[in-house]
Protein chains: 2
Amino acid sequence: MTSARPQATHHARILEDLRRRILDGRWAPGHQLDKEIDLAEAHGVSRMTMNKVLTQLAQEGYLVRRRRGGTFVAQPRAQSAVMEINDIGAEVAALGLTHDWTLLRREITRLGAAERALLDMPADAGTGDVLFLQGLHSAQGAPFCLETRAINLAAVPAARDMAFDATPPGTWLTQTKPWTAARNTLRAIGVEGAEARHLGLPVGAACLLILRKTRSEPDWVTCVRLVYPGEAHQLVAEFEPGRAS
Amino acid sequence: MTSARPQATHHARILEDLRRRILDGRWAPGHQLDKEIDLAEAHGVSRMTMNKVLTQLAQEGYLVRRRRGGTFVAQPRAQSAVMEINDIGAEVAALGLTHDWTLLRREITRLGAAERALLDMPADAGTGDVLFLQGLHSAQGAPFCLETRAINLAAVPAARDMAFDATPPGTWLTQTKPWTAARNTLRAIGVEGAEARHLGLPVGAACLLILRKTRSEPDWVTCVRLVYPGEAHQLVAEFEPGRAS
DNA sequence: GCGGCCGATTTGTCTATTCATATTCCTGCG
DNA sequence: CGCAGGAATATGAATAGACAAATCGGCCGC
């Protein structure tokens, strides 16, 4: 099976093995693992070695461990990590405001040149079907963020059956699909055309643009373009290295 | 000595002890530590326990370890970590452009209400002397970023003697003072007044505003306001959880 | 004097075992 | 029936010992 790794220590091999099982969904969030001793025996190592692996995965946020309780797969990282504005509903709620989501557009298609340009995607991976979405987040009735998103249906087939007319896709995705890497691009723009109209802003008003591309191992999961009315919104990223939990 | 920590495991105490020595400069970058065995004995623990501590610190980027070579304090984290645009000179160089720094203002003072508002500092820590700086970064001759910065002289006394007329303060600081926590705030603004003039932009042009506050354990180190001409610049933050080195 | 090899040293990894601690579960008493 | 308390159990922490891997240095032969 997972041969093809000639030079690797026991705990490195087991670490990758377990991480993969979590990421590809074989072990769903909430799944309870066997106890240290049994896992150790199953992998042919001592409990100390297995403990090192499990401790590491817990530190990375993949597992939650409780004494006597056992070891569980953690819920997908919501905003545990570092730089996350995945769930705009939660973001608005944290400010103590009411949140609304209005779906403006939904279609299943292949990406054309215009959409690729808008989402800053190169000719890169993926010519298959995508779910293309656009919608408006409102806070306390006022436009808060315009979201334009492509979801790779090859990576997240379940998205095909979601309407996203009541739940924003970001909320659903963070609860559904774990990711392994993300790339955020930030820029200031003067809004134009339809985007200005949706946000109720004059053309040329300063807006914060976030382009995010999320990956899960082999393919990309989703690309999203978020436009925030400039002065009204700010984005805070707190960062403390090496202090995972 | 370091009592005052009633409930703590051995490796947690030692971990904090060593981290402190690195952060407050008692162990300078490049300093060679004693070998595991000796450190273990000095702290009254076994080698396995000390190994756990040193391995952890190496993973956090504080130490560099080489077999047979020994264990060394790492050079201060430049942009090893996650979300770093500390050194604008390096940023510009990475784009293959020439970089220039023009100092516009330099004074040692106490922060007034206007400066606090500009840098988004609350009545928060620090009524002592600060070094207040303003300057312009240029790339290939064109304005690239307007920097306004306060440096806490209580935390970085050496900054008092630096002119910063040739080297930007960000470059110097990242090579001098390690930090433990940072907070970035991002916003889009329409530039006004003097800032527009310095950047050579019309009033109201969209710009990316970054406010960063850096801490090192007890006090704040520096607060900086960076204004980037909007369309011309974008900020990319790549993020991969749990993959430290 | 120079280059290659070999041994000593230091970290890396793993094991077997012991004790500690936090929960859960179950039993028994009111 | 419900709650208190104790036993069982899974993880957490630490130890001593052993071997592997990397590499620094010095020794030896040429």
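Sequence lines set the chain letters: A, B, ... in the order given, protein chains first and strands last, and positions in each chain run from 1. These figures come from a predicted structure and were not determined experimentally.
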Exercise for review: Check whether any side-chain nitrogen or oxygen of A:Thr49 sits under 4.0 Å from OP1 or OP2 of C:dT15, and answer yes or no.
Suggested key: yes
Review point. Would you say the side chain of B:Arg68 and the base of D:dG25 hold a donor-acceptor pair, judged only by whether the two atoms sit under 3.5 Å apart?
Key: no
Check your understanding: Could you state the NE2-P distance from B:His10 to C:dC19, rounded to the nearest angstrom?
Key -> 16 Å
Review point. How far does CG of A:Leu33 sit from CG of A:Asp38, to the nearest 0.5 angstrom?
Key: 11.0 Å
Study note, to complete from the structure: Rounded to whole Å, NZ of B:Lys52 lies from P of C:dT11 at a distance of 19 Å
Review point. Taking CG from B:Leu15 and P from D:dA13, how many angstroms apart are they, rounded to a whole number?
Key: 12 Å
Exercise for review: Would you kindly compare A:Met48 and A:Gly70 by the position of their nearest DNA chain D nucleotide and give the one closer to the 5′ end?
Suggested key: A:Gly70
Practice item. Figure out the CD/P separation between B:Glu41 and C:dT10, and round it to whole Å. Key: 14 Å
Review point. Quick one: CG on A:Leu57 to NZ on A:Lys52, what's the gap to the nearest 0.5 Å?
Key: 13.0 Å
Check your understanding: Is any side-chain N or O of A:Thr71 closer than 4.0 Å to OP1 or OP2 of D:dA10?
Key -> no
Exercise for review: May I ask you to decide whether A:Glu16 forms a salt bridge with A:Arg21, counting only side-chain N to carboxylate O separations under 4.0 Å?
Suggested key: no
Review point. Are any non-hydrogen side-chain atoms of B:Ile14 and B:Val45 less than 4.5 angstrom apart?
Key: yes
Check your understanding: With a 4.0 Å cut-off, would you call A:Asp219 and A:Arg215 a salt bridge?
Key -> no
Practice item. Taking only the side-chain nitrogens and oxygens of A:His11, find out if one of them lies under 4.0 Å from OP1 or OP2 of C:dC14. Key: yes
Review point. Going from NZ on B:Lys213 to OG1 on B:Thr222, what distance comes out if it is rounded to the nearest 0.5 angstrom?
Key: 10.5 Å
Exercise for review: Could you tell me whether the phosphate oxygens of D:dA10, OP1 or OP2, come under 4.0 Å of any side-chain nitrogen or oxygen in A:Arg65?
Suggested key: no
Review point. With a 3.5 Å cut-off and just heavy-atom distances, do the side chain of B:Arg47 and the base of C:dT13 make a donor-acceptor pair?
Key: yes
Practice item. Side chain of A:Thr9 only, please: which of C:dC14, D:dG12, C:dG12 is the nearest? Key: C:dC14
Check your understanding: In whole angstroms, how far is the P atom of D:dA13 from the CD atom of A:Gln56?
Key -> 14 Å
Practice item. Mark yes or no for whether A:Trp101, through its side chain, and A:Phe164, through its backbone, hold a donor-acceptor pair below 3.5 Å. Key: yes
**Study point:** Nearest-Å distance for atom pair CD1/C1', residues A:Ile37 and D:dG12
**Key:** 13 Å
Check your understanding: Would you say a side-chain N or O of A:Arg66 is under 4.0 Å from OP1 or OP2 of C:dA22?
Key -> no
**Study point:** Euclidean distance, atom CZ of residue B:Phe72 to atom C1' of D:dT23 [Å, nearest integer]
**Key:** 12 Å
Review point. What base-paired stems does DNA chain C take part in, with at least 3 consecutive Watson-Crick or G-U wobble pairs and both distances under 3.5 Å?
Key: C:1-30 with D:1-30
Review point. B:Ile14 CD1 to D:dA14 C1': how many Å, rounded?
Key: 11 Å
Review point. Hey, are B:Lys35 and B:Glu41 close enough for a salt bridge, meaning a charged N less than 4.0 Å from a carboxylate O?
Key: no
Check your understanding: Does a distance-only test, which skips hydrogens and angles, find a donor-acceptor pair under 3.5 Å between the side chain of A:Arg67 and the base of C:dT21?
Key -> yes
